[in-house]
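Structure record follows, encoded as structure tokens.
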There are 2 protein chains.
Amino acid sequence: MPTIKEVAARAGVSVGTVSNVLSGLSTVSQDMRRRVEAAIQDLGYRPDHIARSLKTRRTQTLGMVISDIVNPFFADVIDGAQSAASEHGFTLSIINCRDSAELEKRAVETLCDRRVDGLLVVVSIERGCHEHLQLAIADGTPVVCLDREPLGIDVDTVTIDNVAAGQQAVEHLIATGHRVVAYVGGSASMYVPALRQQGYLAAMKAAGLRHILIETSFDRQGGRDGAARMLSRAKRPTAALCGNLQVALGLLQEMRSRGLSTPEDVAVATFDHFDWLDVFRPQLTSIVQPAYRIGYEGAQLLLRRVLGQLNDSAPQRLTLPTQLRIAESTAGFVGFQKT
Amino acid sequence: MPTIKEVAARAGVSVGTVSNVLSGLSTVSQDMRRRVEAAIQDLGYRPDHIARSLKTRRTQTLGMVISDIVNPFFADVIDGAQSAASEHGFTLSIINCRDSAELEKRAVETLCDRRVDGLLVVVSIERGCHEHLQLAIADGTPVVCLDREPLGIDVDTVTIDNVAAGQQAVEHLIATGHRVVAYVGGSASMYVPALRQQGYLAAMKAAGLRHILIETSFDRQGGRDGAARMLSRAKRPTAALCGNLQVALGLLQEMRSRGLSTPEDVAVATFDHFDWLDVFRPQLTSIVQPAYRIGYEGAQLLLRRVLGQLNDSAPQRLTLPTQLRIAESTAGFVGFQKT
DNA sequence: ATGAAAGCGCTAACAG
DNA sequence: CTGTTAGCGCTTTCAT
């Protein structure tokens, strides 16, 4: 690996000039520039990113702390963030935390030690303390939180309007004729489910209906458990809103194992949609989240902070639009009611 | 951010001693060690990873070049790699290339410029030239290829036995009574499909059956196209092996749109399985790949190279076992044949 | 066992 | 416009 010194020697110029050529400084004469470029070519020189970072205190690297990388939703988020980063010549260092607050804390520290220029973080789903984020920010590392809005901390966020989306979905259920509607999945102690519940509650209240909150874990098992509880109620719900797709899948699974189907027995709406869902029947009514954009806009925002284009303005709160996609799983309730 | 110098000053020792304490050198006296540790505590000192890297020429970072991050298969691979890396104090820098050879080349260069200690790469699906990998290796960056075994280059690989797996699946189809069996998805110009076809061909030949190779793109659209071609054949296949899950889903989608279902009209077996598939009917007969392990073992192997525990031994070729999971989509052909 | 000092490869003043 | 030089924060001889 040739160094800048060798390039300078070969081109018969000083290292400073080489450095200037590298950084595209216009004050370099055509002649010098050509000689330096030739030397770079000949030697196959590539600047040492590490050395540059040590001097400039910038790594051109964004840290990404993700709560659950195997959830396809977050795969899309990562994809978006990665694209935005690439466009700006930044690289992404990713750590998966499996929704563990402890791992999350360590991840933030690891990334800060490595002097990432900024941090994209999806905090663990359970509400908790976020002083590690606070510390990172205090140390001068900009942070943008994705998907979940941590409490008690002033930080840029890119999220969707979970309350409104949940409310809209439930309004749809109600408009379809349902009067006994449950919310399933996650609990009020979790960031995202808390809001989605809130939307559900608002819609139920507005319609003068009694709410049925079924709190469970926020995964497939939660969906199965929730279904079991929901179906054993004296007054069985005719419709349910699920907190995320994992929950919905678990719920459908449990329903099927009991010989029940949707929408005939229970109409189902859920947060999240992935294109492969189109393959299966019944198609699920779902709240489509702009996962890729959450990552893309998040990285974009972070990059603006990093590049100083947002000089300590107040924390930005970007809310991206969702789309309610009505499909078979909530169809045909009004008018005919199977038993 | 305090530096090692400030720690030294505060502890009243030399920076060399602090460095020794940091690296856990035993030659440091108890007394010194305590004083230094106290100073580190007081100041909240954290070693600068960049400066250390410049000196040691090691970044404790693995580069990961992935062909398609939103494919859940690769999400699992990444998860595995990330776990192994974390266990060894390494971080993962990930670049997504969307199966573009050009992006892949740039990604490798970017990562090498950043002096990653090693490279985990899933090469683009289309066969191509891999001199960028060759160069990286020549420059002293160990490379481990995952899932796909690039041709014409001596490199460590972690893969599955695609030929055997494909063959086994087709043998199952044949044993179930099928005589007209198609292979759908991908083409011989692609790394993975080429091998899966090979397995298919071997099984068909061994059974003395005529093969039906339907080459398409390696995605949902490919599955739809493949289904269209398959179903319009004079002698319509009664079974198909799909090259991956995307293809299988596309195929099922196209079948359904024509009012056909599996296994009644066409039995379907496919590579890939994800747990959410269990929710849907019919359950698909599938070849389960150890995606997480591919990533985990790959990173593990790379780390051994990086840490010099495999001193330029010959390239390792790790082949992980797959599992044929027989389910409804290939059930019940012998004995009763619906028309 | 500890300290002093020489860099790692680069950038950024500053001088000329 | 170009060259010189002093570090960035750390590790690592080499003396002591």
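- An angle of 40°, rounded to 10°, separates the two end axes of the helix from C/dA1-D/dT16 to C/dG16-D/dC1, each defined over five pairs.
- Each of B/Thr59, B/Thr110, B/Thr61 was compared with B/Ser93 under the side chain to side chain contact (heavy atoms under 4.5 Å, CB included) criterion, and only B/Thr61 meets it.
- Here A/Arg34 pairs with nothing under the salt bridge (Lys or Arg N to Asp or Glu O under 4.0 Å) rule; sequence neighbours left out.
- Listed by first and then second residue, the salt bridge (charged side-chain N to carboxylate O under 4.0 Å, His left out) pairs involving residues 64-88 of chain B are A/Arg98-B/Asp79 (not counting sequence neighbours).
- At whole-Å resolution of the value, CE in B/Met32 and C1' in C/dT2 are 8 Å apart.
- Using a 4.0 Å cut-off, some side-chain N or O of A/Ser29 falls inside it from OP1 or OP2 of D/dT2.
- For A/Asp31, the side-chain contact (heavy atoms from CB on, under 4.5 Å) partners two or more places apart in sequence, or in a different chain, are A/Ser29, A/Arg35.
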Side-chain donor-acceptor pairs of residues 133-141 of chain B under 3.5 Å, sequence neighbours excluded:
none

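- Going from atom CD of A/Glu6 over to atom C1' of C/dC10 covers 14 Å, rounded to whole Å.
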Each nucleotide of nucleotides 7-13 of chain D classed B (base within 4.0 Å of a protein heavy atom), S (only sugar-phosphate) or -, in 5' to 3' order, makes BBBSBB-

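- Residues satisfying the salt bridge (Lys or Arg N to Asp or Glu O under 4.0 Å) criterion with A/Arg114, sequence neighbours excluded, are absent altogether.
- Among residues two or more places apart in sequence or in another chain, the side-chain contact (heavy atoms from CB on, under 4.5 Å) test is passed with B/Arg58 by B/Thr56, B/Gln60, B/Asp117, B/Val306, B/Leu307.
- Residues satisfying the side-chain contact (heavy atoms from CB on, under 4.5 Å) test with A/Val15, not counting sequence neighbours, are A/Ile4, A/Lys5, A/Ala8.
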